[in-house]
S.K.: 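This is the structure, below, for whatever I ask next.
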Amino acid sequence: PNLTELRRLTNLPTETEDDIIAAAKSLQARGANNVLVTLGAQGSVLLTADGRTLKQPSCAVPGGRVLDATGAGDAFRAAFAVAMVEK
């Protein structure tokens, strides 16, 4: 989920990194194995089934200017899923 979705799914705060990790862990406690949270310009965080927390900063945008971020999180998740399957 993104931050808004994570907050809605868990009914927990997501203001700090610790909040985000706690909310993602609550999804794992409810049955999710791996939880990938997109953080917009701050990148993403992945909590794995084996207990690891992996943080990924966002990448620089060619030209330095974002024109429209619509679908960016969906595209990120799709590429991530393909990479996981092809691994």
S.K.: Which of these, Thr16, Leu47, Val35, sits in a side-chain contact (heavy atoms from CB on, under 4.5 Å) with Ile21?
M.R.: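 Of the listed residues Thr16, Leu47, Val35, the side-chain contact (heavy atoms from CB on, under 4.5 Å) partner of Ile21 is Leu47.
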S.K.: Do Gln56 and Leu46 have side chains that get closer than 4.5 Å, going by heavy atoms?
M.R.: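 No; the side chains remain at least 4.5 Å from each other.
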S.K.: Go through the side-chain N and O atoms of Asp50 and Thr48 and say whether any donor and acceptor fall under 3.5 Å apart.
M.R.: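 Per modelled atom types, Asp50 and Thr48 side chains form a pair under 3.5 Å.
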S.K.: What's the spacing between Gln42 CD and Lys55 NZ if we round to 0.5 Å?
M.R.: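 Here the interatomic distance stands at 13.0 Å.
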S.K.: Specify the closest pair of heavy atoms between Arg30 and Leu9, including all atoms of both residues, with the distance to one decimal.
M.R.: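 Shortest heavy-atom separation between Arg30 and Leu9 comes out as NH1-O, 3.1 Å.
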S.K.: Kindly give the heavy-atom pair with the smallest separation between Ala22 and Leu12, and that separation in Å.
M.R.: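 Reported closest heavy-atom pair: O-CD1, 4.4 Å.
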S.K.: Which atoms form the tightest heavy-atom contact between Asn34 and Gln28, and what is the distance?
M.R.: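 Result for this residue pair: CA-NE2, 4.3 Å.
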S.K.: Could you tell me which non-hydrogen atom of Gly40 sits nearest to which non-hydrogen atom of Ser58, and how far apart they are?
M.R.: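 Reported closest heavy-atom pair: O-CB, 4.3 Å.
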S.K.: For the CD atom on Glu5, are there more than 12 heavy atoms of other groups (residues, nucleotides or ligands in this structure) within a distance under 6.0 Å?
M.R.: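 Yes.
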S.K.: Are any of the side-chain heavy atoms of Leu27 and Pro1 separated by less than 4.5 Å?
M.R.: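 Side-chain contact under 4.5 Å: yes.
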S.K.: Can Leu6 be reached from Leu39 by stepping across I, L, V, M, F, W or Y side chains whose heavy atoms are under 4.5 Å apart?
M.R.: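 Leu39 clusters together with Leu6.
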S.K.: Write down the atom of Thr14, the atom of Ala23, and the distance for their closest heavy-atom approach.
M.R.: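 Closest approach of Thr14 to Ala23: CG2-CB, 4.4 Å.
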S.K.: Flag yes if Ile20 and Leu54 sit in one hydrophobic cluster, no otherwise; membership is Ile, Leu, Val, Met, Phe, Trp, Tyr, and two members link when side-chain heavy atoms are under 4.5 Å apart.
M.R.: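 Different hydrophobic clusters.
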S.K.: For residues Val61 and Arg65, determine if any side-chain heavy atom of one lies less than 4.5 Å from a side-chain heavy atom of the other.
M.R.: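 SC-SC contact between Val61 and Arg65 ruled out.
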